[in-house]
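Have a look at the structure below before the remarks.
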Amino acid sequence: MGSTEHDPRTLQMRPRCIATTGLLDLIKVLRSDGYMVIGPIFRDGAIVYDEITEPTDIAQGWQVETGPGQYAAHTSGGAFFDTVVGPTPWKRFLHPPRETLYRMTKAPDGSVSVQGPDDPVQPLAFLGVRACDLAAISVLDRVLMEGPHPDPRYGARRRNTLIIAVNCRVSAETCFCASMGTGPAATAGYDLCLSELGTGGETRFLVEVGSSEGSDLLAQVSTRAATPEDLSEAADGARVAARQQTRGMTTDGLPDKVVAAHDHPRWADVAHRCLNCTNCTMVCPTCFCTTVEEVSDLAGESFARQQRWDSCFTADFSYIHGGAVRPSAKSRYRQWLTHKLGTWPSQFDGDLGCTGCGRCIAWCPVGIDLTEEIAHLTEEVSP
């Protein structure tokens with residue numbers, strides 16, 4: 001252990017500051033410790049989360065403009081983390097879109113061998129997790145790791161994941177985390193939390209520590225004590241991001257109001273516009289539904305049982321003997337939104353299933369805005 005200035009017990013209590021070189025050093029340390037570092041990169045016209053092998057992979061200098069059914073990334077300045085959330089939620093690394101549960105192989109003599117998943121669990125380091133996505137990971141933890149039927153694969157990945165959060169100082173038009181109580185500043189669920197300060201050559205990062213693992217990591221890079229000016233600038237950045245948000249949702253009594261709106265005529269109106277394309281559930285950071293299917297090769301010698309993401313917007317998702325339980329677009333949209341904001345808290349003994357990230361608004365092809373729908377559905381509704 002180094003000097004008192006780098007004692008993890010001290011660092012855990014006192015915010016520190018690092019220069020941009022310190023951020024790059026964090027990445028190097030993580031990679032040398034065997035972590036796959038996942039962070040924001042620019043690809044195919046969007047800011048997505050994927051592996052960072054070099055510091056220059058970070059989508060530095062990019063900003064995003066969103067709206068209902070709109071998303072556009074463009075270069076603007078040199079900030080590292082002034083982008084907002086893109087189409088890829090962090091859940092894809094903890095709860096993959098498709099994974100093999102087991103594989104069966106037929107030998108020439110006709111015998112069959114069964115193999116389980118053989119992919120090792122590589123430690124992951126998430127860099128740049130927003131407060132809304134921290135809340136979403138907490139939701140997934142409650143459902144997939146802490147519930148009555150835990151997913152061992154999710155649990156193994158989650159326990160091997162280190163999280164470096166980033167506080168927002170820019171909000172998109174579709175963000176509404178402030179009204180949901182999930183952002184723009186992170187309050188829990190991280191190992192380290194960064195607040196980007198300054199611009200250009202003056203860029204630096206306030207670092208807050210949330211775990212002993214985070215303390216150990218920070219102790220390996222050069223830091224200095226945070227000044228009152230650093231702390232004030234970080235707090236101001238989060239307040240600016242909150243003031244930029246023009247959308248919101250009144251959450252007081254919301255679950256009871258949504259359930260009480262079961263027969264509201266607005267469901268038919270939104271169903272007339274909804275394409276049932278499943279985009280909203282694919283980009284949602286808390287949707288976790290899956291289905292299981294059998295896949296075989298053309299020779300009929302190898303078979304695999306695979307789990308893949310599914311959506312309550314597909315007719316087959318609610319199919320039982322005799323047909324689909326929810327055959328209409330109206331019933332499927334109502335199922336999604338009523339579960340997300342109505343019955344979720346009682347089912348999982350926790351918060352709502354929406355964290356205000358706004359992805360579903362931006363990536364809906366017809367621009368359906370769930371904050372607008374909730375406002376209509378809950379007006380004049382008494383729980």
Any donor and acceptor pair, going by atom type alone, linking the side chain of [X] with main-chain N or O of [Y] inside 3.5 Å?
X	Y	answer
H376	H264	no
S111	A107	no
T251	L254	no

Going by heavy atoms in the side chains, are [X] and [Y] under 4.5 Å from each other?
X	Y	value
L352	M249	no
H262	T338	no
S232	D236	yes
P123	L162	no
V240	R169	no

Going from [atom1] on [X] to [atom2] on [Y], what distance comes out if it is rounded to the nearest 0.5 angstrom?
X	Y	atom1	atom2	value
S195	E233	OG	CD	9.5 Å
M282	T88	CE	OG1	14.0 Å
L194	F81	CG	CZ	6.0 Å
L206	T223	CG	OG1	11.0 Å
C175	M180	SG	CE	13.0 Å
T21	L26	OG1	CG	10.0 Å

For [X] and [Y], which heavy atoms make the closest approach, and how far apart are they?
X	Y	result
P150	P152	O-CD, 3.4 Å
K91	C284	NZ-O, 2.8 Å
A172	T66	CB-OG1, 3.3 Å
A136	T355	N-CG2, 3.7 Å
V209	G214	CG1-C, 4.0 Å
S302	T105	OG-OG1, 4.3 Å

Scan for salt bridge (charged side-chain N to carboxylate O under 4.0 Å, His left out) pairs involving [range], sequence neighbours excluded, and state none if there are none.
range	value
residues 170-186	E173-R247
residues 28-37	R31-E51
residues 182-194	none
residues 57-66	none

Students should find that the hydrophobic cluster of V129, defined by side-chain heavy atoms under 4.5 Å apart, otherwise consists of M36, I38, Y49, V85, W90, F93, L94, L124, F126, L134, I137, V139, L140, V143, L144, M145, Y154, I163, Y190, F288, W344, F348
Side-chain ion pair, E379 and R266, N-O less than 4.0 Å:
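Judged by the 4.0 Å cut-off on N to carboxylate O distance, E379 and R266 do not form a salt bridge.
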Does a salt bridge link D151 with R158, judged by any charged N lying under 4.0 Å from a carboxylate O?
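Between R158 and D151 there is no salt bridge, as every charged N stays at least 4.0 Å from the carboxylate O atoms.
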Side-chain heavy atoms nearer than 4.5 Å, only ILVMFWY residues, links allowed to pass through others: does that put [X] and [Y] together?
X	Y	value
V166	V64	no
L197	V207	no
V366	I374	yes
V283	I368	no
V37	L24	no

Counting only heavy atoms not in H272, do more than 12 sit closer than 6.0 Å to its NE2 atom?
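Open.
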On the 0 to 90° scale, with breaks at 30° and 60°, tag the W363-Y71 ring pair as parallel, tilted or perpendicular.
tilted
Residues S138 and D141: side-chain donor-acceptor under 3.5 angstrom:
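Distance-only check fails for S138 and D141.
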If we ignore angles and hydrogens, is there a donor and acceptor under 3.5 Å between the side chains of D369 and T371?
yes
Please enumerate all residues that pass salt bridge (Lys or Arg N to Asp or Glu O under 4.0 Å) together with R273, with sequence neighbours excluded.
D269, E373
For R130, all residues meeting salt bridge (Lys or Arg N to Asp or Glu O under 4.0 Å), sequence neighbours excluded:
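Partners of R130 under the salt bridge (Lys or Arg N to Asp or Glu O under 4.0 Å) test: none.
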With S32, which residues qualify under side chain to side chain donor-acceptor pair (under 3.5 Å), at least two apart?
none
For residues 177-188, the side-chain hydrogen bond (donor to acceptor under 3.5 Å, both in side chains) pairs (sequence neighbours left out) are none
Which pairs pass side-chain hydrogen bond (donor to acceptor under 3.5 Å, both in side chains) with one or both residues in residues 286-299, sequence neighbours excluded?
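Qualifying pairs: R98-E293, T286-K340, E293-R308, E294-R305.
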P365: what forms a side-chain contact (heavy atoms from CB on, under 4.5 Å) with it, not counting sequence neighbours?
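With sequence neighbours excluded, P365 shows a side-chain contact (heavy atoms from CB on, under 4.5 Å) to L275, C277, N279, given in chain and number order.
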Test I164 against L217 for side-chain contact (heavy atoms from CB on, under 4.5 Å), laying out the working first.
CA-CA 10 Å; I164 303 176; L217 174 61; 4.1 Å; yes
Option from T278, N276, T281 for which side-chain hydrogen bond (donor to acceptor under 3.5 Å, both in side chains) with S311 holds:
T281
Stepwise, does the side-chain contact (heavy atoms from CB on, under 4.5 Å) test hold for R224 with D230?
CA-CA 11 Å; R224 66 166 174 80; D230 295 327; 2.9 Å; yes
Check against side-chain contact (heavy atoms from CB on, under 4.5 Å), C287 and W309
CA-CA 9 Å; C287 282; W309 288 356; over 6 Å; no
N/O donor-acceptor pairs under 3.5 Å from side chains in residues 315-324, not counting sequence neighbours:
unit_1: S318; atom_1: OG; unit_2: V325; atom_2: N; d: 3.4
unit_1: S318; atom_1: OG; unit_2: R326; atom_2: N; d: 3.1

side-chain contact (heavy atoms from CB on, under 4.5 Å) between L218 and I18, intermediate numbers included:
CA-CA 9 Å; L218 190 59; I18 60 173; 4.2 Å; yes
